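Source: prediction; values computed, not measured.
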Amino acid sequence: MSFSLHIDVPEALVASHGSSPRGRAWLAALPALVRDLVDRWSLRPDGPVRNGMAGLVLPVVRPDGTPAVLKAQPVTEESAGTALGLRTWNGDGAVRLLDHDPATGGLLLERLDAARPLSAVPDDTEALGILADLLARLTAVPVPAGLRTLADVASAMVAQAPGAVPELRREEDRALVRACAAAVAELLDSPGDRLLHWDLHYDNVLAADREPWLAIDPEPLAGDPGFDLLPALTNRWEEVRARGDVPRAVLRRFDLLTERLGLDRSRAAGWTLGRVLQDALWQVEDGDDLLEPEGAAVAGVLLEHRY
C-alpha cells in the first residue's frame, strides 16, 4: 500500500520549513515518513492531504473502520510535548490521541470536521464564549511531569529582551518591549502549574461528533493560564477595529476570558504581556524591526488598565 501512496509536499510547508537545512531535510523525508506510518499503523488513506503552516494531515481509516487523521510535523521545542499533553487531556476538550511515533513525532488522531472551524461561527461573542469554556477545561488540568515550563520560558525571555530592544525601529515599540519584560519579571516567582494549550485560537477549534467543539494542535506548556489568552484576544482583529473603539473591544474580550477561567485580572494581564513579549522576540529573531500591530495594541490597552 505504501508504494501506491503519492504525497505532494504542499507549498505552504515548503515556505514554512524550507529556509533551514533541518527544515529542508524534513521536507525531503516527509513523503517516505507518511508512507511508513500508514504501513506501520495499517491505515487506509481516505481523502486528500491537507496542511497548516507547520504540518501535514492525511485523512485515514483504521483497520477497524474508524476514521482518523495522520499528522506529521517536525519535532521542535514547542511541539515536543504535544503527545504528552493530548494523552493527559484524554479527549476532554481536545482531540483524542490514538497513537504516536516518538521518533518522528507522527500523531494518529481522531477525525474531526475540518470544514467546520470555530472561526466559521459568525457571532464573535458566541465564538469567544465557546473558546473560553474550552480553555477553562484544558487549563484546569494539572500538568504532567516532563513538559516545558513557563518558568524557564519566561526567564529566558526576560534575559533576551534587552538585546532585542535596540533592533526595533520605533521608540514606542522599544518602550513596549521594556514594559512587557518588566511585567514578566514581576511574575517569575509564580509561573503557574496548569496544562496550557499555547495556541488556542478559532481555527484551532473544530466541530466534532462526540462533543460540539474540540481543540486541536496544542503546543503544551506548564504554566499560568493567563499566558494562553493572547490568541483569543487577537482573533478576528478586523472586527475589533471595526467596532471603532479598540480598547473597549479588547477589554470586553479580556473580561469574558478572565471571568470564564476564574483568573485574577492583574496576573492574567501580566502573563498576556509576557505572550506579547514572546511574539516580539520571535519577530526580532526573524529580522523584523516593527512589532505586529495586534499584539502591540493589546499590550497597550492592558498596560494602561493594569497599572
Side-chain angles (χ1 to χ4, degrees), residues 124-125 127-129 131-132 135-136 139 150 153-192 194 196 198-202 223-284 288-307:
D124 185 63
T125 300
L128 187 64
L131 186 145
L135 195 55
T139 58
L150 182 55
V153 170
S155 295
M157 290 194 303
V158 171
Q160 293 164 11
V165 167
E167 303 300 320
L168 295 167
R169 183 193 314 174
R170 299 184 303 205
E171 174 53 33
E172 57 262 41
D173 286 348
R174 295 192 290 267
L176 189 68
V177 168
R178 286 192 291 264
C180 289
V184 174
E186 294 179 8
L187 297 170
L188 288 179
D189 62 347
S190 54
R194 300 288 96 182
L196 308 185
W198 206 353
D199 194 26
L200 195 61
H201 52 76
Y202 291 166
D224 189 291
F227 198 65
D228 252 0
L229 303 186
L230 185 62
L233 293 172
T234 56
N235 262 174
R236 290 177 173 170
W237 190 251
E238 68 282 358
E239 294 184 23
V240 172
R241 295 183 61 187
R243 290 174 180 267
D245 187 341
V246 169
R248 182 177 180 182
V250 168
L251 290 174
R252 181 189 70 86
R253 289 182 170 190
F254 183 73
D255 289 345
L256 187 153
L257 289 164
T258 52
E259 181 180 347
R260 294 284 183 96
L261 272 70
L263 303 181
D264 175 83
R265 291 181 82 257
S266 180
R267 282 182 55 82
W271 281 121
T272 301
L273 295 174
R275 188 61 175 273
V276 174
L277 174 62
Q278 183 177 62
D279 287 350
L281 294 174
W282 283 341
Q283 291 159 37
V284 170
D288 297 331
D289 60 3
L290 295 172
L291 296 185
E292 291 181 355
E294 296 90 342
V298 168
V301 172
L302 295 182
L303 283 165
E304 181 179 350
H305 289 82
R306 179 172 182 255
Y307 299 108

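M157 has its side chain out of reach of C180: every pair of non-hydrogen atoms, C-beta onward, lies at least 4.5 Å apart. Looking at D255 and R265, their side chains come closer than 4.5 Å, going by heavy atoms from C-beta outward. For the pair L176/E172, no side-chain contact is recorded, criterion being any heavy-atom separation below 4.5 Å from C-beta on. Residues L200 and P231 fail the side-chain proximity criterion, which asks for heavy atoms closer than 4.5 Å. The closest side-chain heavy-atom distance from T139 to F227 is not below 4.5 Å. Between T125 and R252, some side-chain heavy-atom pair lies under the 4.5 Å cut-off. Counting only heavy atoms from C-beta outward, the side chains of L263 and W271 never approach each other to under 4.5 Å. Within the 4.5 Å cutoff, the side chain of V298 has heavy atoms near those of the L230 side chain.
A distance of 10.5 Å separates OG in S155 from CD in Q160, rounded to the nearest 0.5 Å. A distance of 6.5 Å separates CZ of R253 from CG of N235, quoted to the nearest 0.5 Å. For the atom pair CG (D279) and CD (Q283), the distance works out to 6.0 Å, reported to the nearest 0.5 Å. To the nearest 0.5 Å, the span separating CG on L256 from CG on L128 amounts to 5.0 Å. Here the CD-CG distance, from E239 to D124, works out to 5.0 Å after rounding to the nearest 0.5 Å. Atom CG of L233 is separated from atom CZ of R275 by 10.5 Å, given to the nearest 0.5 angstrom.
Side chain of R178 to main chain of V165: no donor-acceptor pair is present (N/O by atom type, distance under 3.5 Å, no hydrogens or angles).
R267 pairs by the side chain to side chain donor-acceptor pair (under 3.5 Å) definition with S190, D224, not counting sequence neighbours. Evaluation of the side chain to side chain donor-acceptor pair (under 3.5 Å) rule for D264 yields no partner, not counting sequence neighbours. A search for side chain to side chain donor-acceptor pair (under 3.5 Å) contacts involving R174 returns E171, not counting sequence neighbours.
Using modelled atom types and a 3.5 Å distance limit, the side chains of E292 and W237 yield no donor-acceptor pair.
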* To do: Could you give me the CA-CA distance, side-chain angles and deciding distance for F254 and V301, then say whether side chain to side chain contact (heavy atoms under 4.5 Å, CB included) is met?
  => CA-CA 10 Å; F254 183 73; V301 172; over 6 Å; no
* Under the side chain to side chain contact (heavy atoms under 4.5 Å, CB included) rule, what do D228 and L257 come out as? Steps first, then yes or no, please. => CA-CA 10 Å; D228 252 0; L257 289 164; over 6 Å; no
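Taking every heavy atom of both residues into account, P225 and L261 meet most closely at CB-CD2, 4.2 Å. Annotation for L291 and R170: closest pair O-NH2, 4.3 Å, computed over non-hydrogen atoms. Heavy-atom minimum distance, L277 versus A181: CD2-CA, 3.8 Å. The shortest non-hydrogen separation linking V158 to A185 is CG2-N, 4.0 Å. Annotation for V184 and A154: closest pair CG1-CB, 3.8 Å, computed over non-hydrogen atoms. The two residues A268 and L229 have their closest heavy-atom pair at CB-CD1, 4.1 Å.
Annotation for R248: atom CZ does not count as buried by contact number, only 12 or fewer foreign heavy atoms lying within 6.0 Å.
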